[in-house]
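For ligands, and for the atoms within them, numbers begin at 1 and follow the listed sequence.
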Amino acid sequence: MTITPLMPVYPRCGVRPVRGEGCYLIGERGERYLDFASGIAVNLLGHGHPALVKAIADQAATLMHVSNLYGSPQGEAFAQKLVDKTFADTVFFTNSGAEAVECAIKTARRYHYVNGTPEKTKIISFANAFHGRTLGTISATNQAKMRDGFEPLLPGFEVVPFNDLEAARAAVDDTTAGFLVEPVQGEGGMTPSKQEFLRGLRQICDEKGLLLILDEVQCGYCRTGKFFAHEHYGITPDIMAVAKGIGGGFPLGACLATEEAAKGMVIGTHGSTYGGNPLAVAAGEAVFDIAVNEAFLANVTKMGDRLRQAIEQMMPNHDTVFDSVRGLGLMIGIKLKDSADARGFVAHLRDNHGLLTVAAGENVVRILPPLVIEESHIAECVEKLSAGARSFQPASS
Ligand SMILES: *Cc1c(COP(=O)(O)O)cnc(C)c1O
């Protein structure tokens, strides 16, 4: 037998973390890494945040799981907080981002079903999007590496170019249910939607009775300096998928919707055994109570500006490696020159400079620090990026 006990679907690197301390990860041999990957935009309070740890420990000792057969005082309280701070009137809790997107897709189809337009099933999504790894969510992307060998996929999806409003408009027909879009594409390359694109999608939905579904699994939850990224665009969705940062590291996701959009989601239409159990909700509430307020968000914006400016200042010194910088708040992408491969550079930063980042599409290095970073972490990150660029030997040169 040569297959590993862990199904070998990940290209796991040599870092083998055993402990986390704030913005640092500590490996098996005691080596320290500055963690500007945050478990892919998840650990927004860093590692071992005392309030989050205590909330989880206390709740685990009190009540961990009961199923959704029973009333949920914990879930009701947290859902109310989310409703009070967003466009939404109702929340379905999930265990992951893909499940939140699945719930969003189901909610949209049910809406048209109970609305007397059951033929409206098609979801229009966008090139380079990432919505998760379930059969439904891989049906909503055009990325071959995620789709090959898993066909037949779900019918009722059409992928058009991102940030191309006319292509989106042209794809709408009598069978269209709505649009599914990331306000800032994460895996695809840290690309923000253009203002006129996201606003235009909202307008098309309003004109034609379609639903705007936002996937804020990566860009949401305070990462861009707003609670949700769509607030930068002055629009609201009808349905929104949330996960990653919401639990601060505890597996939790949520599908938020307006009362109108959720009108088909009645008793018996959807469910999850674990979804929103008391332990997950305790983690969610602890993160919410720390992060979802003006002072915290203002600090994310400030740190995002500082980090971006520091990166921009350093870039011209290494113009064979760095091309440009993009993103919003603490969701920053550094696009590399064609001669420098992002995966290779991420590995180099990790192995030789103790800095953890994540590669994304379009040859981009993703900088996704915990949202609690301080000036010293920014300085350390930029120092490591600069030293890394100096010592980097692009494979092709
Ligand atoms: C990570 C991600 C998902 C999937 O989340 P999982 O928790 O891995 O299922 C969906 N959409 C976006 C935008 C993501 O970044």
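Donor-acceptor pairing under 3.5 Å is recorded for the side chains of H353 and S391.
In this structure, the ring of F197 has its center less than 6.0 angstrom from the ring center of F126. Between F87 and F228, the ring centre distance reaches or exceeds 6.0 Å. Checked against the 6.0 Å centroid threshold, Y274 and H65 count as a close aromatic pair.
Under 4.0 Å from ligand 1, heavy atoms of S96 appear from its side chain as well as its backbone. Contacts between K244 and ligand 1, counted as non-hydrogen atom pairs separated by less than 4.0 Å, involve the side chain only.
Which parts of ligand 1 touch Q218 is read off a 4.0 Å heavy-atom cut-off, strictly below it: atoms 15 (O).
Residue F130 has at least one nitrogen or oxygen atom sitting less than 3.5 Å from a nitrogen or oxygen atom of ligand 1, judged on distance alone. By the 3.5 Å distance cut-off applied to N or O atoms, G132 is not counted among the residues near ligand 1. Considering backbone and side-chain atoms alike, A98 places an N or O below 3.5 Å from some N or O of ligand 1. Residue E182 has no N or O atom closer than 3.5 Å to an N or O atom of ligand 1. At a 3.5 angstrom cut-off on N or O pairs, D215 counts as close to ligand 1.
Residue pairs meeting the side chain to side chain donor-acceptor pair (under 3.5 Å) criterion with at least one partner in residues 355-366, sequence neighbours excluded, are E187-R366, Q218-R366, R326-E362.
The protein atom (non-hydrogen) at minimum distance from atom 5 (O) of ligand 1 is G97 CA, 3.3 Å.
Other residues sharing a hydrophobic cluster with L356 under the 4.5 Å side-chain heavy-atom criterion for ILVMFWY residues are V15, L25, Y33.
Inside a 4.0 Å radius of atom 8 (O) of ligand 1 there is not any protein heavy atom.
Under 4.0 Å is where a charged nitrogen must lie from a carboxylate oxygen, and between K263 and E260 at least one such pair does.
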